[in-house]
Every structure is written in structure tokens, then in C-alpha cells.
Amino acid sequence: MTGITLSPDAWKDIDPATEALLDKWLVAEGDTVRAGQTLANVVLVKANQDIVAPDDGRVEKILVPAGETFAQGKPIAVLKELT
Amino acid sequence: MLGCSQRALRDDIERRLQGRAELTVRESGGGAVLTGPWLVSVSVVLPQEHSWVCNGLIDSYRHLGQLHVGALKEFGVAARALPPQELPRTHEASAVSTVNWACFGGLSPWELVNAEGRKLVGLAQRRCRTGVLLVAGTLVGPVDWALLCDAMGHRQHEPLLRHGTVSAQEMAGCPIEPERLAALLTQRLERELLTTRT
């Protein structure tokens with residue numbers, strides 16, 4: 001199981017108190033995804049960006065629904081890798 | 001024009017607009033903006049490894065903000081781009097309350113303001129695997145804030161937006177043709193981007 005997060009690079013120079021907005025999910029729980037596939041769009045400091053799957057797998061659980069915010073390092077979903 | 005995260009508001013806004021303006025949703029983040037002859041917009045698409053955008057999303061705003069400072073100076077507009085470390089201080093010093101739903105209702109890193117902290121240029125971006133889209137909007141002349149506030153269902157915010165923003169024309173003390181500003185920005189972008197490929 002892997003927690004899917006917005007990469008630390010995306011948070012560079014950003015105040016730790018700032019949260020990102022989960023704008024849109026492009027997959028649902030139970031979907032099979034490929035490494036590099038865009039899973040969600042998030043907005044941070046007026047920048048819309050993609051969150052991609054780190055590996056092939058299945059989206060086990062969505063932890064942050066669309067419209068909610070999340071802090072740096074917080075997983076937005078759980079990915080179960082395909083073996 | 002709505003920011004990408006405002007698309008769910010679309011039906012309500014269409015109903016309130018009653019055909020007074022067209023409604024679109026842009027790919028980048030940020031709040032709603034009323035486009036028209038009073039706004040000069042710039043869109044720049046760069047590869048992820050370009051020096052303007054490879055040092056994180058905050059720094060990605062810096063070059064485009066500073067380019068606007070230089071271009072506007074030629075029109076007699078003395079604006080400055082806000083470094084991130086000055087943002088909290090500016091918010092405290094400014095009499096302007098943040099209006100979260102509007103692009104020009106708040107301040108973000110490297111956006112342009114006048115000496116009183118009134119906003120002149122707004123910035124946003126869209127980052128994806130294939131590149132980075134940077135967008136900027138400059139208020140050239142007076143904006144119909146009442147129309148925007150009415151469309152968004154926040155009529156009470158009209159004075160806040162009017163007092164929290166400033167146009168290039170107001171700062172220069174004379175009319176500025178949007179076409180001339182657009183031409184100068186294009187010229188400067190071409191010059192800068194041809195010399196800073198990566």
C-alpha cells in the first residue's frame with residue numbers, strides 16, 4: 001500500500017500553514033491505474049497541478065474528497081500496487 | 001472567467017448573469033475575473049525544465065511578475081511585484097479585506113501592487129507533465145466590479161474590490177491603450193524567452 005501525496009517539490013517555498021485544494025478526482029475507488037497516470041487535479045497558491053500514480057495499482061481508498069483541502073505531506077488516497 | 005475550482009458555481013452564475021456576459025472556466029487556479037477591454041491578459045506555456053518555472057511554483061511567478069513591472073514602467077506606472085516574504089505584512093498594512101472568490105480580491109506571491117498595496121496584476125498557473133502555463137492579467141482601466149459581484153452573488157464585496165485594486169490608467173494619470181500594453185508585453189516576452197530557454 002502506498003499513500004499518494006502531492007510531491008514535496010510542489011510545496012517548495014510555501015508557508016507550512018498553507019493547504020492545497022483537491023479540485024477534481026479523475027479516478028474512483030476501485031479503479032486500476034497505471035504508473036504516471038493523472039489521478040487528481042489540485043490547486044495550491046493559484047497553481048492547478050496534477051497528482052499522478054507512482055506505480056501501477058488499484059485505488060484502494062480516497063482520503064480527501066474533491067472540494068476539501070489538505071496539508072503538506074498528507075496522503076490524498078491509498079494505492080494498492082499490482083503484484 | 002472562473003478559476004478551475006469554481007466550475008461547480010457555473011449554473012448559478014449563468015442564472016444571475018442573465019446574458020450580460022459570457023461565462024468561461026480557465027485551466028489555472030485562482031478566483032473569478034471579469035475580462036474585457038480593461039484587462040490585458042498574457043498566457044505563456046513553457047517546458048518544465050525552463051529556468052522560469054523549474055524552481056518551484058512560487059518562484060515560477062517571479063519572472064512574469066517582474067517582466068510586467070518593467071513593461072508597465074514604460075507607461076509611467078510604478079508598480080512592484082510582491083516577494084513572498086512581504087505578503088503577510090502587506091495584508092496587515094492594507095485596508096483591503098480579502099475577497100476569496102475573486103482573482104483581484106487577494107494577493108499572492110509576485111503579483112503587482114501600487115504603493116498602497118492595491119492590486120494591479122494577478123497571476124496564476126497550470127502545471128502538468130507536459131509543461132507549465134503561466135497567466136497574468138493587468139487592470140488597464142476601470143472595471144465593472146458591480147457586475148462581477150452581482151454575478152458571483154456577493155454584491156456587498158463591490159466596495160472592497162474597488163478600493164483594493166488599481167488600474168494602470170489610474171496610476172499613470174492618463175489613458176493607456178490595451179493594445180499598446182499587449183504589444184509591449186509580447187515584445188518583452190519574446191526577448192526574455194529567447195534568451196532564457198533553460
Side-chain angles (χ1 to χ4, degrees), chain A residues 2 4-28 31-57 59 62-74 76-77 79, chain B residues 2-9 25-33 48-49 53-62 64-65 82-88 91 98 100-111 119 121-137:
Chain A
T2 302
I4 297 169
T5 59
L6 181 58
S7 77
D9 287 349
W11 295 90
K12 184 182 175 189
D13 298 330
I14 292 175
D15 185 311
T18 301
E19 297 210 331
L21 171 72
L22 197 313
D23 179 41
K24 187 166 59 175
W25 276 105
L26 304 177
V27 295
D31 283 0
T32 300
V33 298
R34 305 299 302 265
Q37 180 179 338
T38 303
L39 305 179
N41 298 142
V42 303
V43 179
L44 179 62
V45 196
K46 299 175 79 176
N48 180 319
Q49 48 196 313
D50 300 335
I51 293 187
V52 301
D55 292 300
D56 294 348
V59 180
I62 287 178
L63 303 173
V64 179
E68 291 197 2
T69 61
F70 59 97
Q72 182 171 357
K74 179 179 177 180
I76 62 166
L79 183 75
Chain B
L2 304 178
C4 62
S5 58
Q6 294 176 309
R7 74 178 70 79
L9 306 173
V25 181
R26 64 176 181 270
E27 283 288 307
S28 55
V33 62
Q48 279 191 334
E49 63 273 16
V53 295
C54 67
N55 289 316
L57 72 90
I58 297 289
D59 189 66
S60 298
Y61 289 122
R62 178 167 57 90
L64 190 57
L82 272 179
Q85 60 271 24
E86 286 190 32
L87 273 175
H91 279 307
T98 300
N100 291 328
W101 57 263
C103 168
F104 283 90
L107 292 170
S108 293
W110 303 111
E111 292 185 322
K119 184 164 169 176
V121 178
L123 303 170
Q125 61 184 290
R126 165 90 174 98
R127 303 180 77 89
C128 60
R129 279 171 295 170
T130 50
V132 178
L133 164 69
L134 297 174
V135 295

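Reminder, nothing fancy here: chain letters follow the sequence lines and each chain counts from 1.
Interface remark: Leu44(A) contributes backbone and side-chain atoms alike to the contact with chain B (heavy atom separation under 4.5 Å).
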Residues 126-134 of chain B side chain polar contacts: donor-acceptor under 3.5 Å, at least two apart:
residue: Arg126(B); atom: NE; partner: Glu27(B); partner atom: OE1; Å: 3.3
residue: Arg126(B); atom: NH1; partner: Asn48(A); partner atom: OD1; Å: 3.1
residue: Arg126(B); atom: NH1; partner: Asp50(A); partner atom: OD1; Å: 3.1
residue: Arg126(B); atom: NH2; partner: Asp50(A); partner atom: OD1; Å: 3.1
residue: Arg127(B); atom: NH1; partner: Ser60(B); partner atom: OG; Å: 2.9
residue: Arg127(B); atom: NH1; partner: Gln125(B); partner atom: OE1; Å: 2.7
residue: Arg127(B); atom: NH2; partner: Val53(B); partner atom: O; Å: 2.8
residue: Arg129(B); atom: NH1; partner: Gly36(A); partner atom: O; Å: 2.3
residue: Arg129(B); atom: NH2; partner: Thr38(A); partner atom: OG1; Å: 2.9

One pair to check against side-chain contact (heavy atoms from CB on, under 4.5 Å): Cys4(B) and Asn41(A). What are the steps and the verdict? CA-CA 10 Å; Cys4(B) 62; Asn41(A) 298 142; over 6 Å; no
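In this structure, CG in Asn55(B) is found 4.5 Å from NZ in Lys12(A), a value given to the nearest 0.5 Å.
The two residues Ala10(A) and Leu57(B) have their closest heavy-atom pair at O-CD2, 3.3 Å. Between Ser5(B) and Asp23(A) the shortest heavy-atom distance is CA-OD1, 3.0 Å.
The closest side-chain heavy-atom distance from Val45(A) to Pro109(B) is below 4.5 Å.
Within the structure, every pair that satisfies the salt bridge (Lys or Arg N to Asp or Glu O under 4.0 Å) test and touches residues 33-47 of chain A, not counting sequence neighbours, is listed here: Arg34(A)-Asp56(A), Lys46(A)-Glu111(B).
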